Protein chains: 2
Amino acid sequence: MVRNTKEEAELTRRHILDAARRVFLECGVARTTLERVAAAAGVTRGAVYWHFKNKTDLFFAMREQATLPFVDRVVFDEVEGDPLQGIERALGEVIHILSDEPETRETIEILSYKCEYVEEFSGLRQRTAGQLEFLASLAAAYRRAAAKGVLRAGFDPAVVAQDTFLFLSGLIKHWLSSEPGECFRADALDLIRSHVALRRA
Amino acid sequence: MVRNTKEEAELTRRHILDAARRVFLECGVARTTLERVAAAAGVTRGAVYWHFKNKTDLFFAMREQATLPFVDRVVFDEVEGDPLQGIERALGEVIHILSDEPETRETIEILSYKCEYVEEFSGLRQRTAGQLEFLASLAAAYRRAAAKGVLRAGFDPAVVAQDTFLFLSGLIKHWLSSEPGECFRADALDLIRSHVALRRA
DNA sequence: GTTTATACAATCACGGATGTATGTAAATGA
DNA sequence: TCATTTACATACATCCGTGATTGTATAAAC
């Protein structure tokens with residue numbers, strides 16, 4: 001029964017968040033018990049209830065951490081003055097984030113496959129502000145491409161952006177379901193390249 | 001305490017399956033209690049346990065019903081000798097199934113948003129035989145399109161098929177999240193049209 | 001016309017998870 | 001230095017869902 005300092009307390013809070021992510025991923029959110037989270041974090045439920053109100057609170061706290069990499073890594077800057085290449089790079093960056101940021105990857109997997117969107121989680125279904133912003137940036141990039149004449153003629157940039165957005169949704173979903181060594185993962189970047197190439201004039 | 005005939009028993013079995021779908025959709029699979037399913041079906045848990053081993057068994061029984069419409073409604077027959085129009089029609093048919101077969105729609109929504117893929121449900125994550133067959137048919141149709149010279153040159157039919165498959169995944173997912181009156185639903189067929197048009201030579 | 005199996009309803013025993021209340025030792029602040 | 005708050009651990013009460021058991025009236029089989 002040693003009382004921890006503030007810094008140590010912040011550490012256990014992070015340990016609990018990490019443990020929650022692992023247990024959520026293994027057991028699913030609904031079946032996850034705070035007892036297991038506590039055990040995985042090397043503490044008791046007392047500590048969990050000290051830092052978080054309940055499982056829902058813990059879940060949303062864990063979720064917050066995951067969106068961060070996207071906002072500063074996924075940008076639509078043009079590459080060599082070509083908006084389409086900028087889009088290709090941004091899409092590829094999303095996949096790279098899934099590859100080399102395991103915490104983000106796990107959290108998104110939890111949100112995709114280990115969580116039921118009912119009651120207090122219903123709100124998560126609607127497109128997040130981040131997603132809407134991504135879609136808007138995508139449409140803007142396609143408009144720039146159209147203005148430069150590199151977008152295939154006769155296609156509405158907004159519609160093409162939607163198509164790309166849905167493609168990316170599906171890509172992420174299936175990428176998360178593929179095994180680390182599976183060919184689908186290696187092919188993902190090829191799929192992105194083809195996807196963008198289809199839109200080029 | 002009246003004993004039902006075989007036909008009546010089969011009816012209550014269907015009532016239980018219908019009730020399960022409704023309750024799964026409302027509460028999510030994990031939070032659904034067999035007590036609520038029984039109540040929604042107008043029976044007691046005794047009846048549920050008589051017809052089904054447990055909640056998992058009930059879930060898989062409900063799932064079986066949903067895949068049926070796809071196999072006989074979604075076909076890739078060419079329209080006016082044009083494989084690409086056949087693809088467009090097939091994709092549109094998927095959306096139409098979601099519109100006018102509410103039971104199928106609800107089941108897919110449960111599988112997409114109201115179910116955690118852990119333990120006994122893990123297996124559902126991998127692409128089903130039906131999905132693989134769909135993907136194969138799609139690739140075959142694109143190959144026919146390439147052979148006829150209507151597919152845009154320089155693109156691998158298999159890769160294009162994957163792209164379409166992922167697009168459709170995302171489309172279904174977001175269609176399910178949209179409200180009945182929302183514009184996204186009306187736009188879905190336009191998105192499909194554009195998607196296919198992008199692949200045309 | 002019995003007998004038997006069926007199609008449930010009602011009851012029970014049990015574990016397991018939650019939230020809260022309480023305990024406690026040490027860090028922190030005055 | 002001493003009171004107070006902090007950061008947990010421990011203990012407790014409660015409820016809820018499950019699976020199994022038992023009860024039972026009646027179809028169905030012979």
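Computed from a prediction, not measured in an experiment: that's the story for all the values here. Chain naming here is simple, since letters A, B, ... match the order of the sequence lines and numbering starts at 1 in each.
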field: Check against side-chain hydrogen bond (donor to acceptor under 3.5 Å, both in side chains), S177(B) and Y117(A)
entry: CA-CA 11 Å; S177(B) 288; Y117(A) 290 83; over 6 Å; no
Neighbour count above 12 (heavy atom, 6.0 Å) for [X] [atom1]:
X	atom1	answer
R127(B)	CZ	yes
E8(B)	CD	yes
R14(A)	CZ	no

Distance in angstrom units between [X] [atom1] and [N] [atom2], rounded:
X	N	atom1	atom2	value
Y49(B)	dT21(D)	OH	P	13 Å
H51(B)	dA9(C)	NE2	C1'	13 Å
R45(B)	dG17(D)	CZ	C1'	7 Å
R3(A)	dA7(D)	CZ	P	5 Å
L58(A)	dG19(C)	CG	C1'	15 Å

Can you tell me which nucleotide in [options] comes closest to the side chain of [X]?
X	options	answer
A47(B)	dC8(C), dA7(C), dT18(D)	dC8(C)
W50(B)	dA25(C), dT6(C), dT18(C)	dT6(C)
T44(A)	dT26(D), dA26(C), dA9(D)	dA9(D)
T5(A)	dA27(C), dC8(C), dT18(D)	dA27(C)
K55(B)	dA11(D), dT18(D), dT5(D)	dT18(D)
N54(B)	dA28(D), dT6(D), dG19(D)	dG19(D)
K6(B)	dA11(D), dA26(C), dA28(D)	dA28(D)

field: Residues in contact with DNA chain D, drawn from residues 7-36 of chain A - heavy-atom cutoff 4.0 Å
entry: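 Those residues whose heavy atoms fall under 4.0 Å from DNA chain D, taken from residues 7-36 of chain A in numerical order, are A9(A), T12(A).
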query: Mind checking what makes salt bridge (charged side-chain N to carboxylate O under 4.0 Å, His left out) contact with E120(A), not counting sequence neighbours?
result: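 E120(A): salt bridge (charged side-chain N to carboxylate O under 4.0 Å, His left out) contacts with R31(B).
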query: Looking just at side-chain N and O atoms, do T5(A) and E7(A) make a donor-acceptor pair shorter than 3.5 Å?
result: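 Their side chains do contain a donor-acceptor pair, which is all the 3.5 Å distance test asks for.
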task: Applying side-chain contact (heavy atoms from CB on, under 4.5 Å), name anything that partners S122(A), two or more places apart in sequence or on another chain.
output: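 By the side-chain contact (heavy atoms from CB on, under 4.5 Å) rule, S122(A) matches no residue at all.
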Pairwise 5' ranking along DNA chain C for K53(A) and N4(A), keeping only the more 5' one: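 The residue closer to the strand's 5' end, by nearest nucleotide, is K53(A).
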